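Being a predicted model, the structure only gives us computed values, none of them experimental.
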Amino acid sequence: MTQPLKSKLQGMLEVVYPSVDCDFLAEQLLATMGLAPNADAPPAHQNHWDETDVLLITYADTLQQPDEKPLVTLKRFLDDCLKDTISAVHILPFFPFSSDDGFSVMDYLAVNESHGGWPEIEVIARDYKLMSDLVINHMSARSRWFANYRKRIDPGKDYFFEGNPKDDLSQVVRPRTSPLLNPVQTDDGERYVWCTFSEDQVDLNFANPQVLLEFAGIIRQYLERGILIFRMDAVAFLWKEPGTPCIHLQQTHELIKILRLLIEHHTPDAVVITETNVPNRENLTYFGNANEAHAIYNFSLPPLLINTLVTGNCRHLKTWLMSMPPAQLGTTYLNFIASHDGVGLRPTDGLLTEDEKQRLINTMESFGGKVSYRRTADGRDQPYEVNIAVWDALKGTAEGGADHWQLARFLCAHTIMLALEGIPAFYIHSLLATENDQARVEHTGRLRSINRSQWPLSQLEEALADPLTHHSKAFRELKRLIAIRRAQSAFHPNATQFTLHLGLQLFGFWRQSMRREQSVFCIHNISPEMQEVALSDINLIGTDRWVDLISGMTVEDMAGSMTLKPYQTVWLSNQHRSGAARSVPQE
């Protein structure tokens, strides 16, 4: 018999709040979410996605049109250019903010007036699965809650986490070099607030159950506005205890379970995604037992994939892929190469040597990239991420520098990402092949601005309409590749995946659909040299007819070989009754 919702919720709460009346707290949370104490649980291990799901990541105001709210401009671009390409859109924080391009939220329940309003958000949510950030670890120092904290009144008085400079903070894991504790004057005198990311981003105090109740109310309003996917920003740092690393603590995992329980009882097909830019083994823990995140960001993929393509050696990418556990049904990976942030280096810990990391950094700097740092427990500054646009990150090789294979290398990276187990996500500037924005870095003084350009819509339309621009070439071919991917049952996010062993210059893996009716062998030349592939090494089934989904080429001689041009990809699929193995013509 299924455990009643209230009883299950109460048991979770008692782990986090052992000294609180969790029976009453559970009642408050259920009332806040509008849930009945005995509400039916959604079916376990349900996949809320399939091979047609592709996510676009963008800021609300990336596209600019004079005399028009950016959310209106964005919706028109989605409808005109991407309606048959993407199924979901992640609009990065669209709330009023004071810094960090939206991640220092001043009001969780308002839309930034310069972007538009809730009606514009709801219009997008009606036509696309909408993903929103739940900036849950911290809030703006210019928010009303923090103003109330300083005045020592509610709501806000006890909403922010305080520290003491005398505490043992030596183990705290830091993602930045800024001070962890910042002194603020309050009506009760000076207090030290905990700031994991910046002085303007003050960490919330989830040890106060009222903060959890506030976020339950925020989540309910998002759900009722049509938001279906929740990106829990920086959630790994949520619970703090001096004397510990203050990352990945058990209470953090329990709070994710609690929020997921509430979300999926309210909206059974809603999805929770955790954003944890940490080493791979730590990242995997956020699946829980299929009861925490529905999906986790595949943070090791971007640095390993870029490293593979600039070195022409796939050893580390292949080793990592072989070590990745298949996601349970009801969970999956979110695959990406770029996002609004930089290319994280912590997710390469244990995967690349320090010398290999430094070589990657040096290569990225030679291509115009910047490096951001974090402070370690012993006071040293270590590289944290590389800030660079993927178009420029792949402009050449570590050994030879910039070359004429930039577009081919760029497309190869994305064909790999598209075919891997999981849901593919495209940052808008990758889809558009936007270059490094050095001018924006100088203007804002922030290294991450290098990959946060804003496009005047007329200028973008002109670039995409000109078949000679690299923007047009990349955009058109990526759309074609996405269309092919969306037609293959073997590319379901949870379809079987097996790594192939084809040497160091050929990166390959096999996907098989969940009903076993389609197989696709994905083979990528990750080098600037021609590579020969013996078909006997792939073990194609001789009774099937095999076709390259990308080029339409058919395999005539099973005992023969294929020659792959530099950075060429083939998706070899067996033809079958459903006709999934079809070639999409060039636009």
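For the side-chain hydrogen bond (donor to acceptor under 3.5 Å, both in side chains) test with N137, the passing option among Q201, K240, E275 is K240; the others fail. No option in D437, T434, T58, N436 other than T434 meets the side chain to side chain contact (heavy atoms under 4.5 Å, CB included) test with H429.
By the 4.0 Å N-to-carboxylate-O rule, E292 lies too far from R260 to be salt-bridged with it. With salt bridges taken as basic N to acidic carboxylate O contacts below 4.0 Å, none links D101 and R448. Residues R486 and D84 are not paired through a salt bridge, judged by the lack of any N-O separation under 4.0 Å between the basic side chain and the carboxylate. With salt bridges taken as basic N to acidic carboxylate O contacts below 4.0 Å, none links E122 and R126.
Between H340 and F103, the ring center distance clears the sub-6.0 Å criterion. Here the two rings, on F287 and Y333, have centers that are under 6.0 Å apart. Between Y222 and Y108, the ring centre distance reaches or exceeds 6.0 Å. Checked against a 6.0 Å centroid threshold, the rings of Y427 and H90 do not count as neighbours. Note: F237 and H138 fail the aromatic proximity criterion, with ring centroids not under 6.0 Å apart.
Two residues are said to be in side-chain contact when any heavy atoms from C-beta on lie closer than 4.5 Å; M324 and Q497 fail this criterion. At least one side-chain heavy atom of L432 sits less than 4.5 Å from a side-chain heavy atom of L464. Side chains of L457 and E461 form a contact here, defined as non-hydrogen atoms less than 4.5 Å apart.
For the 3.5 Å distance criterion, the side chains of E214 and Y159 qualify, holding a donor opposite an acceptor. Between the side chains of N47 and T332, no donor N or O sits under 3.5 Å from an acceptor N or O.
Under the 3.5 Å distance criterion, the side-chain polar atoms of S140 are left unmatched by any main-chain donor or acceptor of F97. Looking only at distances, a side-chain donor or acceptor of T444 sits under 3.5 Å from a matching main-chain atom of R440. A distance-only check finds a donor-acceptor pair linking the side chain of N112 to the backbone of S114 [under 3.5 Å]. The backbone N or O of L134 sits nowhere less than 3.5 Å from a side-chain atom of R231 that would complete a donor-acceptor pair. Side-chain N or O atoms of N451 include one that pairs as donor or acceptor with a backbone N or O of S339 at under 3.5 Å. With hydrogens and angles ignored, the 3.5 Å screen pairs no side-chain donor or acceptor of D53 with any backbone N or O of I423. Between the side chain of S7 and the main chain of P4, no donor-acceptor pair closer than 3.5 Å is present. Put simply, the side chain of S99 never gets that close to the backbone of D200: no donor and acceptor are under 3.5 Å apart. Judged by distance alone, the side chain of N280 and the main-chain N or O of S300 form no donor-acceptor pair under 3.5 Å. Using modelled atom types, no side-chain atom of K6 and backbone atom of A36 make a donor-acceptor pair closer than 3.5 Å.
More than 12 heavy atoms of other residues, nucleotides or ligands shown are found within 6.0 angstrom of CD on Q250. Around the CG atom of D269, the shell of radius 6.0 Å holds more than 12 heavy atoms that belong to other residues, nucleotides or ligands. Remark: R281 CZ is loosely packed, at most 12 non-hydrogen atoms of other residues, nucleotides or ligands lying under 6.0 Å away.
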- Worked verdict on V390 versus F410 for side-chain contact (heavy atoms from CB on, under 4.5 Å): CA-CA 8 Å; V390 167; F410 178 83; 3.9 Å; yes
- Between F206 and T252, does a side-chain contact (heavy atoms from CB on, under 4.5 Å) hold up when you go through it step by step? CA-CA 9 Å; F206 273 86; T252 291; over 6 Å; no
- Task: Verify salt bridge (Lys or Arg N to Asp or Glu O under 4.0 Å) between R511 and E421, making sure each step is shown before the conclusion.
- Result: CA-CA 8 Å; R511 303 294 309 278; E421 175 190 351; over 6 Å; no
- Message: Pair F160, N205 - check side-chain contact (heavy atoms from CB on, under 4.5 Å), show working.
- Response: CA-CA 5 Å; F160 296 90; N205 178 23; 5.5 Å; no
- Message: Test salt bridge (Lys or Arg N to Asp or Glu O under 4.0 Å) on D341 and R452; report intermediate values, then the result.
- Response: CA-CA 9 Å; D341 290 338; R452 297 180 179 180; 3.0 Å; yes
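Atom-to-atom distance recorded for T499:OG1 and L321:CG is 3.5 Å, nearest 0.5 angstrom. Atom OG1 of T85 is separated from atom CZ of F475 by 6.5 Å, given to the nearest 0.5 angstrom. Summarising the geometry, atom OG1 belonging to T62 is positioned 11.0 Å from atom CD1 belonging to I57; distances are rounded to the nearest 0.5 Å.
The aromatic rings of H253 and H248 sit tilted relative to each other, their planes meeting at an angle between 30° and 60°. Ring geometry for F95 versus W118: interplanar angle of 30 to 60°, hence tilted.
Heavy atoms only, all atoms of each residue included: Q251 and W239 are closest at CB-CD2, 3.4 Å.
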